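Heavy atoms only: backbone and side chains are in, while hydrogens, waters and symmetry mates are out. Note that the numbering runs from 1 along the sequence shown for the chain. These figures come from a predicted structure and were not determined experimentally.
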Amino acid sequence: MADDIVYINVEEGSKRVMNNTKLYAKLLTKFKDDKTFGEIEAALASGDMESARTAAHTYKGLTANLSLTELYKKSMELEAHIKDGTYKEEYLETVKAAHGITLTEIDKVLIQYA
């Protein structure tokens, strides 16, 4: 059920920065402007699977460090499919959908903590 999906674990993310919610909000704001997802899309569109894998790995790390839970799961799956040669466009679309929802959820968090 979609309601059970956690897009941002604010408590965990805040703990990663010693409960400094202002810093966490700043990092979330930076994530919104991050270009890594676009790099994944561009690399996949051009067929550059090595660059796509590298960008997906970076993106996965960003999402993990910020406790962007659902996006982390989806980016981990995407990276694995790129790495093992089983990539299909639907995997990118799944990440893209989670990315969009996550950005909306970040806006909600920023209203509370920024």
Worksheet item: If you measure only the distance, is there a donor-acceptor pair under 3.5 Å linking the side chains of Thr86 and Asp84?
Response: yes
Worksheet item: Charged N to carboxylate O under 4.0 angstrom, Lys74 versus Glu70?
Response: yes
Item to complete: Measure across Leu44 and Ala52 and return the closest heavy-atom pair with its distance rounded to 0.1 Å.
Response: CD2-CB, 3.6 Å
Worksheet entry | Pairwise side-chain contact, Tyr59 with Phe37, heavy-atom cut-off 4.5 Å (strictly under) | yes
Fill in: Glu12 bridged to Lys15 by N-O distance under 4.0 Å
no
Item to complete: Count the heavy atoms belonging to other residues, nucleotides or ligands that lie under 6.0 Å from CD of Glu90, then report whether that count exceeds 12.
Response: yes
Discussion item. Please determine whether residues Leu28 and Tyr113 belong to a single hydrophobic cluster, defined as Ile, Leu, Val, Met, Phe, Trp and Tyr linked transitively by side-chain heavy-atom distances below 4.5 Å.
Written reply: yes
Worksheet item: Can you find a heavy atom in the side chain of Leu68 that is under 4.5 Å from one in the side chain of Tyr7?
Response: no
Practice prompt. Apply side chain to side chain contact (heavy atoms under 4.5 Å, CB included) to Tyr24 and Asn19, showing your working.
Written response: CA-CA 8 Å; Tyr24 186 58; Asn19 294 314; over 6 Å; no
Worksheet item: Should Leu71 and Val95 count as side-chain neighbours, where that means a heavy-atom distance under 4.5 Å?
Response: yes
Worksheet item: If you draw a 6.0 Å radius around CD in Glu93, do more than 12 non-hydrogen atoms from other residues or ligands fall strictly inside?
Response: yes
Practice prompt. Output the distance between atom CD (Glu79) and atom CZ (Arg53), rounded to the nearest 0.5 Å.
Written response: 6.5 Å
Worksheet item: Are Ile8 and Leu23 in one and the same hydrophobic cluster, where Ile, Leu, Val, Met, Phe, Trp and Tyr link if side-chain heavy atoms are under 4.5 Å apart?
Response: yes
Worksheet item: Which pair of heavy atoms, one from Asp48 and one from Ser51, lies closest together, and at what distance?
Response: OD2-OG, 2.7 Å
Fill in: Residue His81 excluded, over 12 heavy atoms near NE2 under 6.0 Å
yes
Item to complete: For Ala55 and Ile40, work out which heavy atoms get closest and say how close.
Response: CB-CG1, 3.6 Å
Worksheet item: Hey, does Glu41 have a side-chain heavy atom less than 4.5 Å from the side chain of Lys96?
Response: yes
Worksheet item: By side chain to side chain contact (heavy atoms under 4.5 Å, CB included), which residues pair with Leu103, not counting sequence neighbours?
Response: Phe31, Lys32, His99, Ile106
